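Owing to the predicted nature of the structure, the values given are computational and were not obtained by experimental measurement.
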Amino acid sequence: MTKETIKTFQYRITQATASQLVVILYDMAIEYLNDACESDSTEHAHNNIYMAQKVIDQLICGLDMQYEISANLFVIYNHMKRSLISASVSLDNNEINRITGLLKKLRASFYEVSKQDDSEPLMKNTQAVYSGLTYSKGGISNETQTDNIENRGFRVCLLYTSDAADD
């Protein structure tokens, strides 16, 4: 994944509601698997498949098992992980593409749900980004402006106890 793609995902995550976060996780897994298929390096392909498995782990962790649909998704996600383990050993692009197809189908469903979600973003005190077209003598350009607030309400505090001071 390129640095620009990572930055895009970071921005999307900071602005996401709970249902949009699921869609972002699907997008990340799909991106990793596409990178794995396009990779010339075996090590790079293995790393991308591994990262896709980690994203699927996050999808599994987010399941609320009190609902029947969560149990069904759990089975599907575990199938994907087992298939990716097998594909990682053989570097079978057909199997990776099959899993990518499953992820795309699930993503489409969750995307429809996310469009109906009008809740607030999960993260507070995030960076505001304003983007748009700017007109000048040279033509139209796309500009992005971000605020440069260094402290967003988080502070690191170090606590020392008398026991720690003696060490």
Side-chain angles (χ1 to χ4, degrees), residues 1-133 140-146:
M1 202 177 301
T2 65
K3 288 183 181 182
E4 187 63 34
T5 306
I6 292 170
K7 280 186 150 194
T8 301
F9 280 126
Q10 287 173 341
Y11 169 72
R12 287 177 61 196
I13 289 168
T14 63
Q15 305 300 314
T17 62
S19 59
Q20 291 169 342
L21 193 55
V22 174
V23 173
I24 294 168
L25 287 172
Y26 282 121
D27 288 341
M28 289 174 68
I30 291 166
E31 183 74 22
Y32 280 125
L33 293 178
N34 287 338
D35 286 353
C37 285
E38 296 169 0
S39 177
D40 295 334
S41 163
T42 303
E43 182 181 341
H44 192 271
H46 285 294
N47 187 43
N48 281 311
I49 293 170
Y50 174 77
M51 294 303 290
Q53 290 172 336
K54 290 304 205 183
V55 172
I56 293 171
D57 284 340
Q58 289 300 312
L59 289 167
I60 290 171
C61 289
L63 293 174
D64 186 352
M65 297 309 282
Q66 70 180 357
Y67 300 104
E68 183 179 342
I69 187 74
S70 294
N72 295 335
L73 286 169
F74 181 78
V75 171
I76 293 169
Y77 294 153
N78 276 322
H79 167 73
M80 288 180 187
K81 282 191 65 175
R82 284 193 309 275
S83 297
L84 287 176
I85 290 168
S86 172
S88 179
V89 171
S90 62
L91 289 180
D92 182 4
N93 282 350
N94 291 329
E95 186 65 12
I96 294 170
N97 289 329
R98 187 181 71 79
I99 299 302
T100 303
L102 289 173
L103 287 166
K104 286 179 179 179
K105 287 178 184 177
L106 288 170
R107 184 214 182 269
S109 300
F110 276 94
Y111 178 72
E112 291 301 318
V113 170
S114 74
K115 289 195 308 189
Q116 299 169 8
D117 186 0
D118 58 354
S119 62
E120 292 289 319
L122 293 175
M123 295 179 75
K124 305 292 183 213
N125 296 327
T126 58
Q127 191 172 22
V129 177
Y130 305 97
S131 178
L133 295 177
I140 300 173
S141 66
N142 193 6
E143 291 186 5
T144 303
Q145 175 64 39
T146 60

A.B. asks: Quick one: closest heavy-atom pair of Y77 and I60, and the distance?
C.D. replies: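 Looking at all heavy atoms of both residues, the closest pair is CB-CG1, 3.5 Å.
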A.B. asks: Between N47 and E43, is there a donor-acceptor pair closer than 3.5 Å when you use the side chain of the first and the backbone of the second?
C.D. replies: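 Such a contact is absent between N47 side chain and E43 backbone.
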A.B. asks: First locate atom CD1 of I6, then atom CD of E4, and finally report the distance between them rounded to the nearest 0.5 Å.
C.D. replies: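 Atom-to-atom, I6:CD1 and E4:CD are 10.0 Å apart.
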A.B. asks: Between atom CD1 of I99 and atom CZ of R82, what is the distance when rounded to the nearest 0.5 Å?
C.D. replies: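 Spacing of CD1 (I99) from CZ (R82) equals 10.0 Å.
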A.B. asks: Backbone N or O of D35 within a donor-acceptor pair of the S39 side chain at under 3.5 Å?
C.D. replies: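 Between the backbone of D35 and the side chain of S39 there is no qualifying donor-acceptor contact (under 3.5 Å).
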A.B. asks: Flag the pair L59 / L73 as yes when at least one side-chain heavy-atom distance between them is below 4.5 Å, and no otherwise.
C.D. replies: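 No; the side chains remain at least 4.5 Å from each other.
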A.B. asks: Is R98 paired with E95 through a side-chain N to carboxylate O contact shorter than 4.0 Å?
C.D. replies: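 Judged by the 4.0 Å cut-off on N to carboxylate O distance, E95 and R98 do form a salt bridge.
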A.B. asks: To the nearest 0.5 Å, what is the distance between CD (Q58) and CD1 (I24)?
C.D. replies: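 If we round to the nearest 0.5 Å, Q58:CD and I24:CD1 are 13.0 Å apart.
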A.B. asks: Please report the interatomic distance CZ(F110) to CG(L25), rounded to the nearest 0.5 Å.
C.D. replies: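 CG of L25 is found 10.5 Å from CZ of F110.
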A.B. asks: Using side-chain heavy atoms (C-beta onward) and a distance below 4.5 Å, is C37 in contact with N97?
C.D. replies: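 Contact flag for C37/N97 side chains = yes.
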A.B. asks: Look only at the side chain of S70 and the backbone of Q66, and say whether a donor-acceptor pair between them is shorter than 3.5 Å.
C.D. replies: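 Side chain of S70 to backbone of Q66: no pair is present.
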A.B. asks: Considering residues, nucleotides and ligands other than Y111, do more than 12 of their heavy atoms fall under 6.0 Å from its OH?
C.D. replies: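 Open.
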A.B. asks: To the nearest 0.5 Å, what is the distance between CG (N93) and CG (N34)?
C.D. replies: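 Answer rounded to 0.5 Å: 10.5 Å.
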A.B. asks: Roughly how far, to the nearest 0.5 Å, is CD1 of I76 from CD1 of I56?
C.D. replies: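 Reported value, rounded in 0.5 Å steps: 11.5 Å.
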A.B. asks: Looking only at atom types and distance, does a side-chain atom of T100 sit under 3.5 Å from a main-chain N or O of I96, one as donor and one as acceptor?
C.D. replies: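 Here the side-chain-to-backbone pair exists.
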A.B. asks: Which pair of heavy atoms, one from A45 and one from L91, lies closest together, and at what distance?
C.D. replies: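 The answer is CB-CD2, 3.9 Å.
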A.B. asks: Show the nearest heavy-atom pair for residues A18 and D117, with the distance to one decimal.
C.D. replies: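 Minimum heavy-atom contact is N-OD2, 4.2 Å.
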A.B. asks: May I ask you to test the V22-L106 pair for a side-chain heavy-atom distance under 4.5 Å?
C.D. replies: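 Side-chain contact under 4.5 Å: no.
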A.B. asks: I'd like to check the side chain to side chain contact (heavy atoms under 4.5 Å, CB included) partners of E68; sequence neighbours left out, ordered by chain and number.
C.D. replies: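 Testing E68 for side chain to side chain contact (heavy atoms under 4.5 Å, CB included), a comparison that skips the adjacent residues, returns N72.
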A.B. asks: Between F9 and M1, is any pair of side-chain heavy atoms under 4.5 Å apart?
C.D. replies: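 Side-chain contact under 4.5 Å: yes.
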A.B. asks: Within the side chain of S114, is there an N or O that forms a donor-acceptor pair under 3.5 Å with the backbone of S19?
C.D. replies: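 Checking the backbone N and O of S19 against the side chain of S114, no donor-acceptor pair under 3.5 Å is found.
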A.B. asks: Measure across A16 and Q20 and return the closest heavy-atom pair with its distance rounded to 0.1 Å.
C.D. replies: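 Residues A16 and Q20, closest heavy atoms: CA-OE1, 3.4 Å.
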